[in-house]
Amino acid sequence: MMNQGTHIPTLTTYPGMAYVPIPPSEAALPSVEAQPWLRVFDSPSDLEGLHFNRDGSELYFVHCRDNLVCKVDMKTKDISVVLELNRYIPDYAVSAVKVHRDGRLFVACVNADFTDGGILFINPDGSGVTRVAEHLVADDMAFDRRGGIYATDMRGRPTNETGAIFYISSDFSERYTVFKNIAAPNGITLSTDERVLWITDILNGNIIRTELTEDGLRPGRIGQCVVYRTTGYLGPDSLMVDNDDNVYCAMYGQGRVLVFNSWGWPIGQVLMPRRDEGYHLATTHPMIRPGTRELYICTNDGRYGAGIFRAGSFAVANTKAFYLQ
């Protein structure tokens, strides 16, 4: 029988416990807190897909909920709508935007239940809507230096891994299956030499590093490797590389961006302010402004709305990116 005076070791609460505690293995990583840069929407929104134009004077993004492609003037912070997708394809929602080196905007689209979608391009003023890929649940995409497109086909679930990665030739005449049997491929990016493809499998919580064959159409000899598995809800979203091949990955539902070196080891993280209180947790996309070490991150919040935050990156933006050549 226990004496009344016996001390019982007791667990106590701590900040962030109810929301997004950082796993112990990542608590000692070099960390910075992002600063608010622009509040885009006051109400809950789905802000995604940051991408700069060539000289970094304009920042594009998509508003999934209202099916808009928008841009921000980096000097004035004025926001303008480039495309209202509902006017052309009412049953699709925009999911990402990428700038071609000739100035065209390529837009990835999905339908509501992630069973169909495609890729289209538009002129910088929003005119000339042209479909270039259909029947593809295109959540994100990446150009290689040939002008071809790697696209995620975001089908599937952890219990039904039907997602895939496709490569579409620059003239849109051919489509290749790079690999398949992924739960829900979301983000995608290339290393600076384009020999390594990075993919996020958001519903399995995986970040996949895949070496490619010389033609870029198949996994290389080593093939695919899961270099990181997330802890907690929800998982890795969009990602990008800097000029030193460090990989920046937005952790959706966790209010942070994790940074990895070229082999997939965690080397740092950018934390959203007030994440311990449950704010700004739906981080979706990081992007470095060309010619700078300015890292911009978009995030969504049911109380705050949707906004873009800014922090410093390890290195400048990838100078070998297709749209900068």
Side-chain angles (χ1 to χ4, degrees), residues 1-37 39 42-47 156-161 182-184 186-187 198-209 225-239 246-261 263-286 295 297-307 309-314:
M1 183 174 180
M2 185 178 294
N3 296 327
Q4 291 184 353
T6 301
H7 172 70
I8 303 174
T10 304
L11 292 170
T12 58
T13 60
Y14 54 90
M17 185 183 74
Y19 294 104
V20 284
I22 294 175
S25 60
E26 297 156 12
L29 287 174
S31 304
V32 295
E33 184 173 279
Q35 299 175 344
W37 183 74
R39 189 170 183 174
D42 294 331
S43 59
S45 305
D46 295 312
L47 183 61
R157 294 292 183 269
T159 54
N160 184 29
E161 298 178 337
I182 311 174
N186 186 309
W198 294 86
I199 305 124
T200 62
D201 181 354
I202 188 169
L203 296 186
N204 269 340
N206 293 333
I207 297 177
I208 303 168
R209 181 187 187 275
C225 179
V226 174
V227 295
Y228 180 85
R229 286 185 171 90
T230 62
T231 298
Y233 184 86
L234 178 59
D237 202 311
S238 298
L239 73 176
N246 301 309
V247 182
Y248 299 72
C249 182
M251 307 300 288
Y252 188 84
Q254 298 188 16
R256 60 179 179 149
V257 171
L258 264 176
V259 189
F260 304 84
N261 68 10
W263 295 100
W265 293 94
I267 57 173
Q269 58 188 333
V270 181
L271 307 177
M272 294 297 104
R274 301 185 66 185
R275 62 185 298 279
D276 289 347
E277 304 170 54
Y279 284 87
H280 315 303
L281 298 185
T283 39
T284 55
H285 203 121
L295 174 67
I297 304 160
C298 57
T299 187
N300 305 280
D301 185 327
R303 291 169 288 185
Y304 172 88
F309 291 72
R310 184 172 64 172
S313 56
F314 280 113

So, the side chain of [X] versus the backbone of [Y]: is there a donor-acceptor pair under 3.5 Å, distance only?
| X | Y | result |
| --- | --- | --- |
| Ser43 | Gly305 | no |
| Thr10 | Ile8 | yes |
| Asn206 | Ile208 | no |
| Thr200 | Gly187 | yes |
| Thr159 | Arg157 | no |

For residues [X] and [Y], report the shortest heavy-atom separation together with the two atoms involved.
| X | Y | value |
| --- | --- | --- |
| Gly156 | Ala184 | O-CB, 4.2 Å |
| Pro21 | Tyr14 | CB-OH, 4.0 Å |
| Ala250 | Thr283 | CB-O, 3.7 Å |

Does any non-hydrogen side-chain atom of [Y] lie less than 4.5 Å from one of [X]?
| X | Y | value |
| --- | --- | --- |
| Glu26 | Thr231 | no |
| His280 | Tyr304 | yes |
| Leu29 | Ile267 | no |
| Ser313 | Tyr248 | yes |
| Val20 | Leu281 | yes |

Return the set of residues passing salt bridge (charged side-chain N to carboxylate O under 4.0 Å, His left out) with [X] (not counting sequence neighbours), or none when no residue passes.
| X | value |
| --- | --- |
| Arg275 | none |
| Asp46 | Arg65 |
| Arg274 | Glu277 |
| Arg39 | Asp42 |

Q: Applying side-chain hydrogen bond (donor to acceptor under 3.5 Å, both in side chains), name anything that partners Asp201, two or more places apart in sequence or on another chain.
A: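 Partners of Asp201 by the side-chain hydrogen bond (donor to acceptor under 3.5 Å, both in side chains) criterion, ordered by chain and then number, come out as Asn204.
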Q. What residues form a side-chain hydrogen bond (donor to acceptor under 3.5 Å, both in side chains) with Gln269, not counting sequence neighbours?
A.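 For Gln269, the residues satisfying side-chain hydrogen bond (donor to acceptor under 3.5 Å, both in side chains) (neighbours in sequence not counted) are Ser31, Arg256.
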Return the set of residues passing ring pair (Phe, Tyr, Trp, His ring centres under 6.0 Å) with [X] (not counting sequence neighbours), or none when no residue passes.
| X | value |
| --- | --- |
| Tyr252 | none |
| Phe314 | none |
| Tyr228 | Phe260 |
| His285 | none |

Q | Summary of salt bridge (charged side-chain N to carboxylate O under 4.0 Å, His left out) pairs that have at least one residue in residues 11-21, sequence neighbours excluded | A |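 Counting only pairs at least two positions apart or across chains, no salt bridge (charged side-chain N to carboxylate O under 4.0 Å, His left out) contact touches residues 11-21.
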Q.
Please list all pairs meeting salt bridge (charged side-chain N to carboxylate O under 4.0 Å, His left out) that have one or both residues in residues 263-272, counting only residues at least two apart or in different chains.
A.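 Passing the test, one end in residues 263-272: no pairs.
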